[in-house]
Amino acid sequence: MIEILLGSLIGVWGFTEAVDTKPQPPGTVNVTQALVPNGPLRESVTLEPMSQLQFRNVIRQAYDYSCGSAALTTMLDYFLGRNLEERQVMEGLLRFGEAEKIVERRGFSLLDMKRFVSALGYQSGGFRAAFADLDELEHPAIVPIEYAGFKHFVVVRDVHDDHVFVADPALGNISFTRTRFEEIWDQNVLFVIFPGGQEPRNALALSERDLRIIDDRTISLLAFREFPQITKFTENQATELGSDGDIRYIRRK
């Protein structure tokens, strides 16, 4: 009996050594390719959840009113190489921005962003621009848009083949046609942060997998499904343009 048990244990040990039976990482699946010259090929591949792909290198806004801080955090982390959380950026915006107005309107303005990034040691500026200016930009930029009934801040990553690729704090990585983007681009304003010194590693640069098109209907469905509270809140929002040309988002009483 002992010999039989010992033989069974040795057999199991030999099998586990010959075949990888360790738990596989989450998202790992086994794929078998039958039509290969040397017989069936079995390999393991790791699939990344769509939610992770959608928000790759995008800071997802924590609150329905925090698109400005999330867009700025996206720029600071993935363009300028900082390692900040949205909460830290919100605290910085409150400290160096117009705190009373921020609380009153429940949102951040480009002027608040400018003051905060200046405190971090960066030069920046808000400008009115044409689409050609946006197309020629060598760096990402924060822009205000008005889409599906709400006003919003997004990061324009790049323009490619008449499509504008955007890091959206609410919807993730999406794209607009040039025509559609020009329709929703709020007052043709953009906010640029100049890195200064050595050029940073731009993690917002487009890659091959980014060169895809998400149609307007899909974006609308995502917006209303994921963030219905945004539209409810922004129905009571308006904008004002400061003397310095910066758009400020305010809440109507």
> So do the side chains of Val154 and Pro169 get within less than 4.5 Å of each other, counting heavy atoms only?
Replying inline: yes
>> Do Ile145 and Val143 have side chains that approach each other closer than 4.5 Å (heavy atoms only, starting at C-beta)?
In response: yes
> Hey, are Asp186 and His152 close enough side-chain-wise for a donor-acceptor pair under 3.5 Å?
Replying inline: no
> Of all heavy-atom pairs between Val189 and Pro144, which one has the smallest distance, and what is that distance?
Replying inline: O-CD, 3.2 Å
>> With a 4.5 Å cut-off on side-chain heavy atoms, are Leu80 and Tyr122 touching?
In response: yes
Could you pull out all donor-acceptor pairs under 3.5 Å where a side-chain atom in residues 129-142 meets a protein atom, sequence neighbours excluded?
residue, atom, partner, partner atom, Å
Asp133, OD2, Ala130, N, 2.8
His139, ND1, Glu199, OE2, 3.4

> Which residues satisfy the salt bridge (Lys or Arg N to Asp or Glu O under 4.0 Å) test with Arg178, sequence neighbours excluded?
Replying inline: Glu182
>> According to side-chain contact (heavy atoms from CB on, under 4.5 Å), who are the partners of Ala203, at least two apart in sequence or on a separate chain?
In response: Asn57, Tyr78, Arg201
> What residues, two or more places apart in sequence or in another chain, satisfy side-chain hydrogen bond (donor to acceptor under 3.5 Å, both in side chains) together with Glu146?
Replying inline: Lys151
> When rounded to the nearest 0.5 angstrom, what is the spacing between CE in Met75 and CG in Leu84?
Replying inline: 13.0 Å
>> I need the minimum non-hydrogen distance between Phe176 and Arg180, along with the two atoms involved.
In response: CD2-CG, 4.0 Å
> Which residue pairs pass the salt bridge (Lys or Arg N to Asp or Glu O under 4.0 Å) test when at least one of the two sits in residues 76-88, sequence neighbours left out?
Replying inline: Glu85-Arg87, Arg87-Glu91
> Say you draw a straight line from CD1 of Ile59 to CG of Leu76; how long is it, rounded to the nearest 0.5 Å?
Replying inline: 9.5 Å
>> My understanding is that only residues two or more places apart in sequence, or in another chain, count here; which of them pass ring pair (Phe, Tyr, Trp, His ring centres under 6.0 Å) with Phe96?
In response: none
> Under a 4.5 Å cut-off applied to non-hydrogen side-chain atoms, are Leu204 and Val155 in contact?
Replying inline: yes
>> According to side-chain hydrogen bond (donor to acceptor under 3.5 Å, both in side chains), who are the partners of Gln123, at least two apart in sequence or on a separate chain?
In response: none
>> Just so I know, are the side chains of Leu93 and Met113 near enough to count as touching, which here means a heavy-atom distance under 4.5 Å?
In response: yes
> So which pairs with a foot in residues 152-164 pass salt bridge (Lys or Arg N to Asp or Glu O under 4.0 Å), sequence neighbours left out?
Replying inline: Arg157-Asp210
>> Let me confirm one number: the OG-CD1 distance from Ser109 to Ile102, rounded to the nearest 0.5 Å.
In response: 6.5 Å
> Where do Glu98 and Asp112 come nearest, in terms of heavy atoms and distance?
Replying inline: N-OD1, 2.9 Å
> With side chains defined as the heavy atoms from C-beta onward, is the minimum distance between Phe116 and Val89 less than 4.5 Å?
Replying inline: yes
> Got a second to check how far His163's NE2 is from Leu206's CG, nearest 0.5 Å?
Replying inline: 12.0 Å
>> Pair Val164, Trp185 - check side chain to side chain contact (heavy atoms under 4.5 Å, CB included), show working.
In response: CA-CA 11 Å; Val164 182; Trp185 188 7; over 6 Å; no
> Between atom OG1 of Thr179 and atom CD of Glu183, what is the distance when rounded to the nearest 0.5 Å?
Replying inline: 7.0 Å
> Distance-only, no hydrogens or angles: does the Arg128 side chain make a donor-acceptor pair with backbone N or O of Gln187 under 3.5 Å?
Replying inline: yes
>> For Asn173 versus Phe55, what's the shortest heavy-atom pair and its separation?
In response: ND2-C, 4.3 Å
>> Could you check whether Glu104 pairs with Lys101 (Lys NZ or Arg NE/NH1/NH2 to Asp/Glu carboxylate O, under 4.0 Å)?
In response: no
> At what distance, to the nearest 0.5 angstrom, does CZ of Phe108 lie from CZ of Phe153?
Replying inline: 10.5 Å
> Which pair of heavy atoms, one from Gln61 and one from Ser66, lies closest together, and at what distance?
Replying inline: CB-OG, 3.6 Å
